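Step one of this worksheet: look at the structure below.
In this text the structure is predicted, and so the values were computed from the model without any measurement. Note that these values count all heavy atoms, side chains included, but never hydrogens, waters or copies made by symmetry.
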Amino acid sequence: MNFFIEVVLNGLMAGVMYSLVALGFVLIFKASGVFNFAQGVMALFAALTLVGFMDEFGMPVWLAIAGTILVMIALAWLIERLMLRHLVNQDPIILFMATIGLAYVLEGLGDILWGSDVKLLDIGIPHGASDYMLDTFDIYIDKLEIFAAVTAAVMVAVLALFFQKTRTGRALRAVADDHQAALSVGISLRTIWIIVWSVSGVVALVAGIMWGSKSGVQFSLSLIALKALPVLILGGFTSVPGAIIGGLIIGVGEKVAEVYVGPMVGGAIENWFAYMLALAFLLFRPQGLFGERIIERV
Amino acid sequence: MTINGASSEILLKVEDVSLAFGGIKALDSVSFDTRKGEILAIIGPNGAGKSSMLNVINGFYHPQQGTITYKGQTRKQMRPYQAASQGIARTFQNIALFKGMSTLDNIMTGRNLKMKTNLFWQALYIGPARAEELKNREAVEKIIDFLDIQAIRQKAVGKLPYGLQKRVELGRALAAEPDLLLLDEPMAGMNSEEKEDMSRFIIDVNMEYGTTIILIEHDMSVVMDISDRVVVLDYGRHIADGEPHEIRANKEVIDAYLGVSHE
Amino acid sequence: MFYRETGQYKTTYSADQALFPIAQDRYVIYAVLFGTFVVVPMVANEYWINAILLPFLIYSLAALGLNILTGYCGQVSLGTGGFMAVGAFSVYKLMVAFPELGFITLVLISGLITAAVGTFFGLPSLRIKGFYLAVATLASQFFLVWLFNKVGWFVNYNATGMITSPPMTIFGVLITGPSAPPAAKYLLCASIVAISALAAKNLARGRLGRNWMAIRDMDIAAELIGVRPLRAKLSAFAVSSFFIGMAGALYFAVWLGSAEPTEAFDINQSFLVLFMIIIGGLGSVLGSFLGAAFLVLLPILLKNILVDGFGTNIALAAHIEIMTIGVLIIAFLIIEPHGLARLWRIAKEKLRLWPFPY
């Protein structure tokens, strides 16, 4: 029983990491209707930049993080300026494919700027087994994952406040509801896009830090985006709570399956299990966990 | 006035149909019937449930209550494919053409149920597949002639002006050689000349092919001129039906349109 | 002045519905076919065939398949790599078990097996649409590659997990394995691709093609005029997977000679083929070929310029290549979302009016 709880808890922690990536997707999709396939590469790029600032320029952690945030904002500005602006009014699918192109660009750029070798990222986040959990409940949990869970919770709270309470947040929600209508009341779509891409750039940085601290900064980091996709189909593309809860469900489901089902079929099922889980779920509820039921009209 | 000598045979009978989305009632036990060969107009203020009614008839919406009797068969609900294969065709309020395809291909698609050859023959494009394409092309060309749209045959429909798109959409519906044609605001957004053309097409279809037509229209003079009978809906309820002159004199209809408060 | 249909009167619908109604287009096609089957095999050397022509033909076939699903029927798929793997492993198992059936038959059967698998993975398209479906097709990509990695039966319990194509002949000429003459490999692939392209073009202009496009452009209206979404979508998945499966079979058996699932059929293959149809042109048979040519040639060209021309080291050159492809994708989507095929059509239109632009 203890083992099962450990598996579930570890699944929850892994789920938080997925949620962090999914959150970036949801933010951009909500505000611009763009399914940003480059989100995972953005996390990689942010982590690479952070490591680069620390290792090659010898910056202290806080300065390197501030610097990386600035870089992510500049990147958002460039993406709007060079890409999104020219693709307004195109089909969502065209925008989606453009972000696949963007993923390639960022991947190549990150490698050219910072090199493609595996890098260690240590910004002083505690890691290793949590002694408290081990002593009190006899359960193994990495401190890093507890830290990640707390960070994610804080970030969701901040984002929720931002959306609900600030003027910009309200404008963002307006744009998400209806582009045309938002434009007609004088909300600048371009500013909104820069803001939302910046915010998800920062979210990507946080995700990059967590994943990078856990398993090193390397190309495979960009593949976490692929892990976050089933979270999106489960939670719905537009729902922040969906991203969180979807991430947790996928995390737990995956860990449980890996431990209890994996050995029976030869292991390494985590690559596709999450997709199957999400798909099976979709067949019963096509709009996702938190999506609204769509009434089609003609 | 009976333009076409509609028979007394009932083609479609809608009985006690109710449809709700969540808590909102779009249709509230509506009943009416359509005789074979007539032009029936459904009128009513915005949000009266007119389009929903058409959607129920061709199976896009499934009512929670009531029955639909079409060609003598009574059903709780229609299915889109069933409706189409039983000869119900329609046009849409907001044009629903296939924008990436040419006028010709749009109308050819309307004949899809008349075509049977399998994938294998189609890939080879010889024998039965080719013969079938040509035979249906001829039928489509007749419709193109009838609607006077020869010049735009090969044009992509997405770029055509509004009035022509409406015409192509009518063509696509006619291509199926329907027994029952549902027209959702065929004249919305048209100038009086275009309206006149469209009215002529509708009457011609009705007379030449004997097609039964149910149409939704806001322009009262058109409705009064071309329809044999009129059904009036208001807030999802059926409030009147009858011949145009009766409707014109009906107090409830006038109230619904002018918004007189009901004490 | 030379390219126009003036004076070419069509008196029957059958002439008007011909594949290439304009005479000059027909001459171009004849010239291309003559070049493909007569000139190229005579002049091309081994490097050209192995490094450029074979990948071009095989990717064209895969792109053709994906274009039917995504370009014509509007269902975005990211599972191309996985479906190519199905074709490759099918043909491998068949070649080992039933070599007497002949290579072409085996390739066709592999295509049919892939069509069945593709249809199965297309089932979710009935409930889910758009991005949700694109993500769902990723499931097939990951699952299939995992399956071929994990189940020893598919690789005949080879400890390395590799499959190697046994030698096979057509009319006594060797067409698989390292000692097969390149010209024979080339002619085989070119024939299969040419016939497939003709079949795709025929399907696209007939009833099935119209139904696919109707589903793509407005699925609700299509359903209400009697197009059955189930049949239209699944037939698109089947036909698309059939072509992709054959491409996978040729990719492994004729071009690579041996393959290993993780590397040869990973998700980058799916993206590569998707990029080909975007750059070439969605919903265009010609576009599938143009896109494949472009993305097969580009890396070779970049490598020649960077590594041989400027002496850039290979790792950096690879990064620059990735970036360039990304930039080009974005640039293409901005400048001409309909791809190279559209540019070709515009050029023809200009040519038709030349020298009087009105």
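Annotation: maximal heavy-atom pairing with chain C below 4.5 Å, among B/A173, B/G59, B/P80, occurs at B/P80. Contacts with chain B were tallied for C/A200, C/G226, C/G209; C/G226 has the most, counting heavy-atom pairs under 4.5 Å. For the set C/A222, C/A199, C/A214, the entry with the most heavy-atom pairs within less than 4.5 Å of chain B is C/A214. Of all the listed residues (C/I195, C/L198, C/I215, C/L208), the one sharing the greatest number of non-hydrogen pairs under 4.5 Å with chain B is C/L208.
Shown here for C/P124 and C/L133, the closest heavy-atom pair between the two residues is C-CD1, 4.3 Å. Between C/F83 and C/G118 the shortest heavy-atom distance is CE2-CA, 3.8 Å. Across all non-hydrogen atoms, the minimal contact from C/L203 to B/A123 is CD2-N, 3.6 Å.
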Evaluation steps, side chain to side chain contact (heavy atoms under 4.5 Å, CB included), between C/I192 and C/L250: CA-CA 10 Å; C/I192 293 181; C/L250 296 175; 4.0 Å; yes

From CA spacing to verdict: side chain to side chain contact (heavy atoms under 4.5 Å, CB included), C/F242, C/T114: CA-CA 6 Å; C/F242 176 70; C/T114 317; over 6 Å; no

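Only the backbone of B/L97 comes within contact range of chain C, with heavy atoms under 4.5 Å apart. Interface residue B/L113: only side-chain heavy atoms are found under 4.5 Å from chain C. Heavy atoms closer than 4.5 Å to chain B are found nowhere in C/A238, neither backbone nor side chain.
Considering only residues two or more places apart in sequence or on other chains, C/V32 meets the side-chain contact (heavy atoms from CB on, under 4.5 Å) condition with C/V28, C/T36.
Atom CZ of C/F237 is separated from atom CG of C/L123 by 9.0 Å, given to the nearest 0.5 angstrom.
The shortest side-chain heavy-atom distance between B/L180 and B/I57 falls under the 4.5 Å cut-off. When side chains are defined from C-beta on, B/I213 does not count as touching B/L40, because their heavy atoms never get closer than 4.5 Å.
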Taking atom types as modelled, which donor-acceptor pairs link chain C and chain B at under 3.5 angstrom?
from, atom 1, to, atom 2, distance (Å)
C/S14, OG, B/R130, NH2, 2.9
C/D16, OD2, B/R137, NH1, 3.2
C/D16, OD2, B/R137, NH2, 2.7
C/Q17, OE1, B/R137, NH1, 3.0
C/N202, ND2, B/A123, O, 2.8
C/N202, ND2, B/L124, O, 3.4
C/R207, N, B/E133, OE2, 3.3
C/R207, NH2, B/T117, O, 2.8
C/L208, N, B/Q122, OE1, 3.0
C/R210, NH1, B/E133, OE1, 3.3
C/R210, NH2, B/E133, OE2, 3.1
C/N211, ND2, B/N112, OD1, 3.3
C/D217, OD2, B/K99, N, 3.4
C/D217, OD2, B/G100, N, 2.8
C/G226, O, B/N112, ND2, 3.4
C/R228, NH2, B/Y81, OH, 3.0

